[in-house]
Amino acid sequence: MAYNSVVLVKQVPDTANITGQAMKEDGTVNRAALPAIFNPEDLNALEMALQVKDRHGGQVTVLTMGPPRAAEVLRDALYRGADRAILLTDRKTAGSDTLATSYVLKCAVERIGEYDLVFCGRQAIDGDTAQVGPQVAEKLGLPQITYAESIVSLDATEIVVQRAFPLGKETVRCTLPCLLTVVASANVPRPPSIRRMMAHKLAAIPQEYGAILERWDEFETEEALDSYLAQRDLRIPVWSGAEIDVDYERVGLNGSPTKVLNVNYVVLGGTESHEISPTPEGIRELVQELVKDYTL
Ligand SMILES: Cc1cc2nc3c(=O)[nH]c(=O)nc-3n(C[C@H](O)[C@H](O)[C@H](O)COP(=O)(O)OP(=O)(O)OC[C@H]3O[C@@H](n4cnc5c(N)ncnc54)[C@H](O)[C@@H]3O)c2cc1C
């Protein structure tokens, strides 16, 4: 049996490579100071969905909610093997907290229609809440398996999944359709394929047409480019909130009860260190020191 999957992916600031002030005074992220990357655990979620497709067949649809620039992660997903990508972008959703974000994503997943599995990363590296996956499942009325590390078995009605925690593993079974949040230890995401990169190099949202026209002189107008892309299934659909019947009262800053008021920087400075030799004397010296410090 073939399974259709939806993978929710987020473009996030690369928090490991900060080039300036990471946060603005109003508590929002200064995206200009941070390069944007594919949220790492979303790559694991995509890989798990692609493995289901490799084994059983079916379609993998990737969905992101974000600014037009987030089309970059959608193209990356197409290069890695996704069949379809959708960008959900709407200024009115800016500033959404997890409650509002999960509501919009739920409306979009419902619009996508027939699916057997929804995959999310466990957590995004910017907001760091790990709430969006479970909230989307609740709003869709789906059972959820969080911390998914591997799919043990999958059949027409049921999935068996191994979950991974710092203190152990757990195997659970669940009816389909269901939502999984995937951890980093699940797999090694496949790299983009050169063949797929060549095939999808022009995949774009209409907001990117101007930049393509500057680089490719065989297209004279945006209309010509649009019809070329549409014929080859390379036009990435862009949905607004209105197109997926979002209630605008429930999104953006107005629909978000959580406000980030302040972010404190914790700077871990280097402390005094000295080397202990790996000998019985060295170990004895270390133990005595720890006892003296009341650490042991
Ligand atoms: C510093 C900081 C602190 C924040 N603190 C809070 C807070 O305490 N409470 C709160 O409600 N909001 C908070 N936010 C806002 C939060 O980042 C947004 O609500 C965000 O849209 C989703 O939350 P998250 O990043 O924590 O995602 P998580 O819940 O960590 O994401 C889990 C998974 O959900 C999916 N997902 C998440 N966002 C998207 C998306 N836009 N498109 C597609 N899939 C997605 C991905 O698969 C992702 O791996 C904070 C933001 C910042 C920058």
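Indexing begins at 1, ligand by ligand and atom by atom, following the structure's order.
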What atoms in ligand 1 come closer than 4.0 Å to a heavy atom of [X]?
X	answer
Asn39	49 (O)
Asp42	46 (C), 47 (O), 48 (C), 49 (O)
Asp126	25 (O)
Gln131	29 (O)
Ala130	28 (P), 29 (O), 30 (O)

Hey, are the side chains of [X] and [Y] touching, using non-hydrogen atoms and a 4.5 Å cut-off?
X	Y	value
Pro189	Asn44	yes
Arg80	Arg196	no
Thr98	Thr258	no
Lys106	Glu138	no

Looking at ligand 1, does any of its N/O atoms fall within less than 3.5 Å of an N/O of [X]?
X	answer
Arg122	no
Gly121	yes
Phe119	no
Leu105	no

Cation-pi check, Arg75 to Tyr79: give yes when NZ or CZ is under 6.0 Å from the six-membered ring centre and within 45° of the ring axis, no otherwise.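 Not flagged: Arg75 not positioned over aromatic ring of Tyr79.
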If you count the non-hydrogen atoms of other residues, nucleotides and ligands that lie under 6.0 Å from [atom1] in [X], is the total more than 12?
X	atom1	result
Glu218	CD	yes
Met198	CE	no
Arg232	CZ	yes

Side chain, backbone, both or neither: which applies to Val9 and ligand 1 if a contact is any heavy-atom pair less than 4.0 Å apart?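 Only the backbone of Val9 comes within reach of ligand 1.
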Specify side chain, backbone, both or neither for Glu41, according to which of its non-hydrogen atoms lie closer than 4.0 Å to ligand 1.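 It is neither part, as no heavy atom is under 4.0 Å.
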Between [options], flag the one that comes closest to [atom] by a heavy atom.
atom	options	result
atom 46 (C) of ligand 1	Val7, Leu8, Thr98, Thr101	Leu8
atom 15 (C) of ligand 1	Ser256, Ser96, Ala108, Ser102	Ser96
atom 13 (C) of ligand 1	Thr129, Thr93, Val132	Thr129
atom 51 (C) of ligand 1	Ala45, Gly127, Cys120	Gly127

Under a 3.5 Å distance rule, please check whether Glu41 uses its side chain to pair with a backbone N or O of Ala184 as donor and acceptor.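 The answer is yes, because a donor-acceptor pair under 3.5 Å joins these two groups.
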For Val183, the rest of its hydrophobic cluster, which grows through side-chain links under 4.5 angstrom: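 Once heavy-atom contacts under 4.5 Å are chained together, Val183 belongs with Tyr147, Phe165.
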Is there a heavy atom of Gln135 sitting under 4.0 angstrom from any atom of ligand 1?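 No; Gln135 lies far enough from ligand 1 that no heavy-atom distance drops under 4.0 Å.
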